[in-house]
Amino acid sequence: MTDKPNGPVGGGPLSGVLVADFSRILAGPYATMLLADLGADVVKVEGPKGDDTRGWTPPVRGEVSTYYLGINRGKRSIALDLRDETDAEAARELARRADVLIENFRPGGLAKYGLDHASVRATNPGVVYASISGFGSGAGAGVPGYDLMVQAMSGLMSLTGDPDGPAYRAGISVFDVMAGNHAVIGILAALRHREATGQGQHVEVNLLSSALTGLVNHSSAYVAGGVVPYRMGNAHPSVFPYEPLPTADNDLIVTAANDGQFRKLCEVLGIPEIADDPRFARNADRTARRDELRPILVERLAARGAVEWFELLVEAGVPSGPINTIDGGFAMAERFGLEPVVEVGEGERAVPTTRHPIRFSETPVSYTLPPPELDEHGAELRKWLAAPAGPAPGGSVEGGRA
């Protein structure tokens with residue numbers, strides 16, 4: 001096992017795993033933040049100007065981009081200019097000592113620095129080397145990969161928006177996040193394989209493949225059924241009601257996805273006879289006759305406001321929910337005791353951040369390091385990388401892979 005730098009000491013499930021993070025923007029940094037939350041020691045390698053998201057403003061907290069803050073906690077930063085041979089050698093040494101290397105350069109882009117998978121594996125055969133690209137390392141290798149492009153090219157935008165209006169992107173970079181999650185899954189599986197066999201491997205994730213699997217029922221409609229789905233606004237192609245419906249004040253999401261839930265919905269709305277109407281007896285009937293059923297439901301929902309209906313329907317076991325702004329979403333999580341906001345760091349460097357979504361009974365997530373300033377840990381990391389393998393300056397370190 002290689003030595004580890006004198007990083008944060010935690011008891012997470014990935015404690016002792018060193019991650020060399022050569023990724024930028026969103027998919028890669030999101031993945032490495034999740035790994036850091038789980039106890040991995042993540043060294044974020046940035047160019048002299050830093051990760052692009054440092055400059056993606058507004059909004060800001062102080063003078064720092066909230067975009068950058070949202071995906072970079074738990075890491076230490078070292079700025080390396082890979083065009084400089086001294087810095088490139090430090091990067092290669094970091095790769096040699098790492099358990100995991102993750103990068104999202106254009107496929108082949110790191111080869112000229114000796115940081116491609118083949119080069120790194122030659123000096124570090126047990127490394128788990130994870131690559132994230134837009135369209136894979138084959139025929140699509142030369143195409144730059146940005147989430148908006150993939151939303152368009154995958155077909156997602158053809159499904160988003162009003163049926164008679166233009167296509168819309170999702171409100172977040174959904175496939176960057178999805179690819180980041182897939183990268184974490186691949187890394188964890190590869191670490192398990194290495195534990196069993198001692199062998200590292202190359203883990204490849206691309207946004208388009210993440211998108212196509214993430215389109216789930218729509219992908220299956222085409223692949224298995226030969227059907228090309230179309231834009232339906234907020235409606236669901238296979239279930240009704242499963243969409244926003246107007247109330248006395250605001251729209252309410254109503255998702256009565258099976259016959260039992262639909263019967264309870266009708267009871268709460270005071271129209272129990274509708275559940276026995278043969279026109280609406282089964283989900284397939286309700287979906288086929290949604291234009292007949294919707295006005296009946298809307299007429300009853302007009303008697304109360306969205307929040308009042310939400311309380312009544314949830315109490316009865318009917319899935320529903322008001323359409324919140326982001327602040328309302330956090331307020332709802334607080335109401336449910338999910339404690340969605342945690343502080344990372346201490347004193348003036350403390351930053352509020354969104355809680356990691358997974359909870360562990362024995363190895364809780366730790367929030368030790370705030371998102372780093374550019375090259376904040378550069379001096380100590382350069383000193384460690386220049387020294388022979390062994391304890392890091394200033395303290396002992398755990399053993400790492402040989």
Can I get a per-line list of side-chain donor-acceptor pairs under 3.5 Å for residues 330-343, giving both atom names and the distance, sequence neighbours left out?
{"residue": "R335", "atom": "NH1", "partner": "E311", "partner atom": "OE2", "Å": "3.3"}
{"residue": "R335", "atom": "NH2", "partner": "E311", "partner atom": "OE1", "Å": "3.2"}
{"residue": "R335", "atom": "NH2", "partner": "E311", "partner atom": "OE2", "Å": "3.3"}

Please check: side-chain N/O of [X] versus main-chain N/O of [Y], any donor-acceptor pairing under 3.5 Å?
| X | Y | value |
| --- | --- | --- |
| S366 | T368 | no |
| S65 | Y68 | yes |
| R300 | L269 | yes |
| R92 | V120 | no |
| R73 | Y367 | no |
| D51 | I25 | yes |
| N124 | A98 | yes |
| S158 | G155 | yes |

For [X], I'd like to know if atom [atom1] has over 12 heavy atoms of other residues, nucleotides or ligands within 6.0 Å.
| X | atom1 | value |
| --- | --- | --- |
| E315 | CD | no |
| F360 | CZ | yes |
| Y242 | OH | no |
| E299 | CD | no |
| E85 | CD | yes |

Look at [X] together with [Y] and state whether they make a salt bridge at an N to O cut-off of under 4.0 Å.
| X | Y | result |
| --- | --- | --- |
| R286 | D259 | yes |
| E93 | R96 | yes |
| E267 | K264 | no |

Q. Of the options E373, E376, E380, which is the one that meets R76 in a salt bridge (charged side-chain N to carboxylate O under 4.0 Å, His left out)?
A.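 One option only clears the test, and that one is E380.
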Could you tell me whether the side chain of [Y] reaches within less than 4.5 Å of the side chain of [X], counting heavy atoms only?
| X | Y | answer |
| --- | --- | --- |
| H236 | E243 | no |
| L94 | V43 | yes |
| L110 | L82 | yes |
| L297 | I271 | yes |
| P246 | D251 | yes |
| E103 | L115 | no |

Shortest non-hydrogen contact from [X] toward [Y]:
| X | Y | result |
| --- | --- | --- |
| R106 | P144 | NH2-CG, 3.3 Å |
| L381 | S77 | CD1-O, 4.2 Å |
| R24 | P29 | O-CD, 3.3 Å |
| L385 | A90 | CD1-O, 3.6 Å |
| S23 | G28 | OG-C, 3.1 Å |
| L35 | L14 | CD2-CD1, 3.7 Å |

Q.
Applying salt bridge (Lys or Arg N to Asp or Glu O under 4.0 Å), can you list everything that pairs with E46, at least two apart in sequence or on another chain?
A.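 Checked E46 against salt bridge (Lys or Arg N to Asp or Glu O under 4.0 Å); matches are R54.
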**Q.** With D116 via salt bridge (Lys or Arg N to Asp or Glu O under 4.0 Å) - residues at least two apart
**A.**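 So D116 forms no salt bridge (Lys or Arg N to Asp or Glu O under 4.0 Å) with any residue.
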Expected list for residues 165-192: side-chain donor-acceptor pairs under 3.5 angstrom, two or more places apart:
{"residue": "N181", "atom": "ND2", "partner": "V177", "partner atom": "O", "Å": "3.3"}
{"residue": "H182", "atom": "ND1", "partner": "S210", "partner atom": "OG", "Å": "2.7"}

Q: Under the side chain to side chain contact (heavy atoms under 4.5 Å, CB included) rule, what do F280 and D285 come out as? Steps first, then yes or no, please.
A: CA-CA 5 Å; F280 313 126; D285 302 321; 5.6 Å; no
Q. Do you see a donor-acceptor pair shorter than 3.5 Å between the side chains of S131 and E204?
A.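 Checked: S131/E204 side chains show no N/O donor-acceptor pair below 3.5 Å.
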Q | Geometric cation-pi criterion, R83 with Y113: 6.0 Å, 45° | A |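 Negative - R83 is either too far from the ring of Y113 or too far off its axis.
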Q: Only counting residues at least two apart or in another chain, list the ones meeting side-chain contact (heavy atoms from CB on, under 4.5 Å) with D162.
A: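 For D162 there are no side-chain contact (heavy atoms from CB on, under 4.5 Å) partners, ignoring immediate neighbours.
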Q: Verify side chain to side chain contact (heavy atoms under 4.5 Å, CB included) between L312 and R304, making sure each step is shown before the conclusion.
A: CA-CA 10 Å; L312 292 170; R304 303 174 188 268; 3.7 Å; yes
Q: Take L252 and L313, measure what side chain to side chain contact (heavy atoms under 4.5 Å, CB included) needs, and give me the verdict at the end.
A: CA-CA 11 Å; L252 177 73; L313 289 170; 3.8 Å; yes
Q) For V150, which of L212, L156, L207 qualifies under side chain to side chain contact (heavy atoms under 4.5 Å, CB included)? A)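 With V150 as partner, L212, L156, L207 yield a single side chain to side chain contact (heavy atoms under 4.5 Å, CB included), made by L207.
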Q. When you look at L38 and V365, which way does the side chain to side chain contact (heavy atoms under 4.5 Å, CB included) test go after all the steps?
A. CA-CA 6 Å; L38 301 181; V365 171; 4.2 Å; yes
Q: Only pairs at least two apart or in different chains count here, so list each ring pair (Phe, Tyr, Trp, His ring centres under 6.0 Å) that has a residue in residues 125-165.
A: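 Checked against ring pair (Phe, Tyr, Trp, His ring centres under 6.0 Å) - neighbours excluded - the pairs reaching residues 125-165 are H117-Y129, Y129-H202.
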